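Structure first, then comments.
Computed from a prediction, not measured in an experiment: that's the story for all the values here.
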2 protein chains.
Amino acid sequence: MKRNLHMRGAVIHAPGDVRVEERENPTIVAQTDAIIRVSAACVCGSDLWDYRGINEVKQPTPIGHEYVGVVTEIGDEVKNIGVGDFVVGSFMASDNTCEICEAGYQSRCAHVEFVGAGGAQAEYLRVPLADGTLVATPAMPDEDLIPSLLAASDVLGTGWFGAVAAEVGPGRTVAVVGDGAVGLLAILAAKQLGAERIIAMSRHASRQKLAREFGATDIVEERGDEGVARIKELTGGYGAHSVIEAVGTQESMMQAIRSARPGGHVGYVGVAHGVELPGEELFFAEVHLHGGPAPVRRFLPELIRLIWDRTIDPGKVFDLTLPLDEAAEGYKAMDERRAIKTLLKP
Amino acid sequence: MKRNLHMRGAVIHAPGDVRVEERENPTIVAQTDAIIRVSAACVCGSDLWDYRGINEVKQPTPIGHEYVGVVTEIGDEVKNIGVGDFVVGSFMASDNTCEICEAGYQSRCAHVEFVGAGGAQAEYLRVPLADGTLVATPAMPDEDLIPSLLAASDVLGTGWFGAVAAEVGPGRTVAVVGDGAVGLLAILAAKQLGAERIIAMSRHASRQKLAREFGATDIVEERGDEGVARIKELTGGYGAHSVIEAVGTQESMMQAIRSARPGGHVGYVGVAHGVELPGEELFFAEVHLHGGPAPVRRFLPELIRLIWDRTIDPGKVFDLTLPLDEAAEGYKAMDERRAIKTLLKP
């Protein structure tokens with residue numbers, strides 16, 4: 001295959017400064033790698049931690065870790081994925097065979113690598129451990145399925161993990177803290193997992209609307225102690241059975257923990273920033289806490305099936321679509337909360 | 001029934017100052033109460049927080065919250081427990097009918113009361129919500145069963161909850177942080193729950209011996225980072241599936257969290273003192289965390305059956321038995337770690 005030495009890709013230079021520029025075209029490094037031509041990528045809430053200067057940007061760095069695309073090249077050891085396959089992958093590369101992967105924690109695989117190190121907001125992307133990381137769709141997808149498949153690579157998989165970590169299921173009342181793409185898709189997940197009642201904690205009209213479309217039965221606009229009091233009111237004074245935390249701040253974590261009933265479950269998927277959990281309060285709260293970087297790979301086969309069957313439409317979270325070259329505007333719109341989530345087309 | 005207006009009972013006056021003195025004999029306050037003549041009580045690791053001045057002692061306070069005994073009086077609304085029954089109860093009184101109790105979290109019952117407020121290191125004790133709190137044994141127990149039944153009222157039930165919270169089960173490797181009575185009985189619980197391998201973290205010969213009797217397969221003497229490294233070495237580099245924390249300090253909590261593999265479970269039952277959990281480390285550790293005051297009532301029927309059948313002998317944790325009047329020495333011996341746990345006979 002003949003290919004160019006260079007491609008276009010997004011690079012973050014400093015807080016607020018994302019540029020799409022010429023980058024080296026990725027090549028196979030290990031024989032377990034695949035190269036994909038990116039069909040669609042997007043901007044993640046966690047990219048905004050860099051964009052806002054909360055995570056330090058030390059040098060110009062390729063950015064983006066959500067992707068779907070077509071395989072253009074594979075290493076000699078790749079067996080399950082072939083050139084020409086349309087694939088969805090997690091942001092964490094995993095061998096999918098170690099004990100940790102087998103237990104469903106591919107995001108903490110013994111050989112884990114961050115796929116985003118290659119910068120997925122680009123024309124091409126190298127995906128390590130392709131056999132364990134990528135899942136091929138049954139055929140080339142219709143164009144209108146691409147946003148939903150892209151959502152599966154992170155935000156849907158992350159929201160889904162939040163719901164699973166919070167032990168969402170039939171008969172349970174679920175509260176969701178955070179109305180970003182992950183929080184909204186956690187609502188969709190809770191609905192699919194059979195929750196009886198889903199309370200979205202949101203104060204933005206457009207997000208409330210999408211929350212209801214995805215399955216929210218109640219909206220709570222209050223935050224902090226007032227938000228907790230409202231959740232208690234709605235749950236016979238006990239608190240929710242399951243709470244999904246999808247923000248990652250001290251306030252949101254405490255709001256989540258305090259909204260759960262004793263014996264209840266908190267699933268937290270917002271990347272923690274500056275959070276310190278008070279041990280004594282946690283002890284007497286007597287909740288279950290589980291979370292972390294979502295093992296998206298665990299859920300991908302099922303999520304792809306639900307999207308392929310058009311049972312779910314998580315692609316609705318993309319309310320802004322731009323050509324890759326306009327990535328900077330995509331970041332800006334999310335930072336200013338004009339957009340829930342930006343899809344970029346290389 | 002004729003009874004005295006006064007009885008003997010332990011009172012903590014200040015750190016290091018526990019006295020057995022004349023106290024008012026308890027009476028029925030609510031019609032759901034029972035009064036028991038205490039057959040045996042004991043000193044808890046958590047009593048030492050007061051004794052050591054880590055919890056403030058503001059005024060002379062009756063102390064003790066572990067008890068077994070014979071019912072001498074019941075309120076008009078008590079239906080399941082009768083005068084003359086030998087009973088075991090939890091340190092937390094619970095109605096055992098609210099939604100939280102039905103989910104197995106009686107220690108956080110909607111109507112919870114701390115039984116220890118009455119001071120169980122005494123001749124008589126008032127137990128609130130008797131129907132929901134006390135469990136009668138099949139008959140009057142043989143004398144040699146009393147220490148084990150007494151252990152069920154807290155330390156066994158707490159260790160058991162730690163093991164259940166850590167999802168101990170067949171095929172799993174379990175690490176236990178803490179070699180006090182609760183840690184030792186968590187080992188016994190792990191064994192009963194089918195753990196494949198049980199690693200006791202202990203550096204005291206007498207406690208190591210009891211740990212092995214209760215089912216420990218390995219002993220790790222190192223603590224902190226070195227202890228964590230040893231657990232990793234023993235578990236193929238991954239960490240334990242289940243870790244039970246039975247101390248409650250910052251060091252022990254971090255040792256427990258770091259000893260668990262990603263996706264593993266930490267059950268924590270040491271009452272947290274001055275613990276602050278770093279959110280980012282917890283996020284990326286990706287463990288399950290669950291714990292708090294043990295809902296001992298959930299487990300009592302099963303624990304009593306195992307003791308009655310002589311399947312387990314948790315009473316072995318008592319290595320010092322004293323008459324109630326010598327309670328002060330019982331505290332001193334535990335504080336100086338000369339005794340694992342002191343049984344007091346009124």
For this session: Return the option, out of Pro293(B), Pro295(B), Ala285(B), with the maximum number of heavy-atom pairs under 4.5 Å with chain A.
Result: Pro293(B)
For this session: Return yes if some donor-acceptor pair links the side-chain N/O of Glu280(B) with the main-chain N/O of Val275(A) below 3.5 Å, else return no.
Result: no
Seminar exercise, completed: Scanning both residues in full, the closest heavy-atom pair of Ser107(A) with Glu286(B) reads OG-OE1, 3.3 Å
Exercise. Has Arg223(A) got more than 12 heavy atoms of other residues, nucleotides or ligands less than 6.0 Å from its CZ?
Worked result: no
For this session: Look at the rings of Phe283(B) and Tyr268(A) and say which category their plane angle falls in: under 30° parallel, 30 to 60° tilted, over 60° perpendicular.
Result: tilted
Exercise. In terms of heavy-atom proximity below 4.5 Å to chain B, should His273(A) be classed as side chain, backbone, both, or neither?
Worked result: backbone
Problem set entry | Top contributor to chain B interface from Leu277(A), Leu282(A), Val266(A) [non-hydrogen pairs under 4.5 Å] | Leu277(A)
For this session: Ignoring hydrogens and angles, tell me if any N or O in the side chain of His290(A) forms a donor-acceptor pair with the backbone of Val287(B) under 3.5 Å.
Result: yes
Seminar exercise, completed: Checked Glu99(A), Met253(A), His241(A), Gln250(A) vs chain B; the most non-hydrogen pairs under 4.5 Å come from Glu99(A)
For this session: Answer with side chain, backbone, both or neither: which region of Ala110(A) has an atom nearer than 4.5 Å to a non-hydrogen atom of chain B?
Result: side chain
Problem set entry | Top contributor to chain B interface from Gly236(A), Pro262(A), Gly279(A) [non-hydrogen pairs under 4.5 Å] | Pro262(A)
Problem set entry | Contact origin within Val271(A) toward chain B - heavy atom pairs under 4.5 Å | both
Exercise. Chain A: which of Glu281(B), Arg108(B), His265(B) shares the most heavy-atom pairs with it under 4.5 Å?
Worked result: Arg108(B)
